[in-house]
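Take a look at the structure set out below.
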Amino acid sequence: MKTQRSAELFAQAQQLIPGGVNSPVRAFKAVGGTPRFIARAQGAYLWDADGNRLLDYVGSWGPMILGHNHPAVVEAIRAALEEGLSYGAPTEREVRLAELVREAYPMVELVRFVSSGTEATMSALRLARGYTGRELIVKFRGNYHGHGDSLLVQAGSGLLTGGGGTAKSAPSSAGVPQAFAELTLVADYNDPEGLKALFAQQGEQIAAVIFEPVVGNAGVIIPTEEFLEALHRLTQEYGALLIADEVMTGFRLAKGGAVELLGLKPDLVCLGKILGGGLPVGAYGGRAEVMRQVAPLGPVYQAGTLSGNPLAMAAGIATLKTLFQDPPYRRLEAYGKALQEGLEDILTYAGLPATVNRVGSMITVFFREGPVRTYAEAVASDTERFKAFFHGLLEEGVYWPPSQFEAAFFSTAHGEAELEQTLRAAQAALTRMPAS
Ligand SMILES: *Cc1c(COP(=O)(O)O)cnc(C)c1O
């Protein structure tokens, strides 16, 4: 496959931008090789700067659930574009998108739009601290909630593959003061006993527990019922807020995200990714009583020059309306089931120990035997094997996330032909890998 133009652009980019990228995982550091510079996209496919067509399983890391350039979304942005780009004053589109959010998440009585998932989680934490008058936050090892200082403590995503400081010590990025990190307590995902012990020690000082309701940022990890039950019970018992970080899972796993799928009752929800349909949007929302603490109603300050941007709102409205009018979740599940079973068959035939974790249209192939339910089990995967898998797929024109510790996503534009191409590519990639 030709990569000359991508290589040239990457060389130029490295002279101008740290590592040549504006978000670490894009640099292919975990898998090596030349990151593909993307020129355009349509439906399930990307075209890189050398003209190669790639079947996309990154989906801009989650937003593109309708595939690239969905006509309804493109048309909505075009219409907004004709009217004006940004006013710094309220617009009707913000009201319409807020209505759609509440339709999907009835527990979100009030919602505030921001411009990224990071901003959503940062603001939700500030709100939780303001509301409870407490300072400690609990997060889970390997969960990623964006790059806010308090949340870069044993975090997932790019931090698991050398994108930041050291993955194993707290804080997990240089530049995060130890004093901040000390306000963030880290517990193990799917470990209700550990969480119980933490609350027994410091429960009265805990403002909030933030969690990925289905983990995507350590690869896909599925929560156990006992864990979810403990989250609800302990936060309630100790008066801490429960914050479901649905930036990745919102509108992806169901219309009402993991909250609907798993029957969760969080106090606050963070949204992003799909909410912006490919443009920069995040949001946090929840019970009115809590949200009324946010400025201008309350003392918790949070603002944004481009918050509620008309183009971004238009893309979000068109995306959610399209999803709600003809919910694709059963079709995505059918595609996912066939993809998972196909991959499992090929892995078994090739004699490669692996575990495929999937919820709906989020999937990870972990190269290790046995279940993957925790961060520790995820990081015990054979990343050399993952590398070979990744490059094998890429050679066959399938663009899988360039890290063992990220979820792959597919969209409503992925159909029979794409499934066949993927399984053929996986067969080619896996059967030429050494078994041990
Ligand atoms: C992507 C992600 C974020 C951060 O969102 P950005 O828009 O990249 O700032 C936060 N939480 C979760 C669960 C995510 O997947």
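The first residue of the sequence shown is numbered 1, and numbering continues consecutively from there. As the structure lists them, so they are numbered: ligands from 1, and atoms in each ligand from 1. Treat the numbers as computed from the prediction; the structure is a model and nothing was measured.
Counting protein heavy atoms under 4.0 angstrom from atom 11 (N) of ligand 1 gives one or more.
Residue contacts with ligand 1, taken as heavy atom pairs separated by less than 4.0 Å, do not involve Thr249 at all.
Residue Tyr301 qualifies as open at atom OH: its count of foreign heavy atoms under 6.0 Å is 12 or below.
The shortest N or O to N or O distance between Lys273 and ligand 1 is below 3.5 Å.
Short contacts between ligand 1 and Gly117, defined as distances under 4.0 Å to a heavy atom of the residue, involve ligand atoms 4 (C), 5 (O), 6 (P), 7 (O), 9 (O). For ligand 1, the atoms lying closer than 4.0 Å to a non-hydrogen atom of Asp245 are 10 (C), 11 (N), 12 (C), 13 (C). Remark: ligand 1 atoms within the under-4.0 Å shell around heavy atoms of Gly146 are 3 (C), 4 (C), 10 (C). With ligand atoms numbered from 1 in the order given, ligand 1 contributes 7 (O), 9 (O) to contacts under 4.0 Å with heavy atoms of Ser116. Close approach of ligand 1 to His145 (heavy-atom distance below 4.0 Å) involves ligand atoms 10 (C), 11 (N). The Met248 neighbourhood of ligand 1 comprises atoms 15 (O), with distances under 4.0 Å to a heavy atom of that residue. Short contacts between ligand 1 and Tyr144, defined as distances under 4.0 Å to a heavy atom of the residue, involve ligand atoms 11 (N), 12 (C), 13 (C).
Looking at heavy atoms from C-beta onward, Pro310 lies in side-chain contact with Tyr87 at the 4.5 angstrom threshold. Using a 4.5 Å cut-off on side-chain heavy atoms (C-beta onward), Ile363 and Leu339 make contact. Within the 4.5 Å cutoff, the side chain of Val220 has no heavy atoms near those of the Val215 side chain.
Looking at Glu135, its side chain never comes within 3.5 Å of a backbone N or O of Arg129 through a donor-acceptor pair.
Cation-pi geometry between Arg53 and Tyr45 is met: the NZ or CZ atom falls under 6.0 Å from the ring centre, inside 45° of the normal. The cationic group of Lys255 does not satisfy the cation-pi geometry with Tyr329, failing either the under 6.0 Å distance to the six-membered ring centre or the 45° limit from the ring axis.
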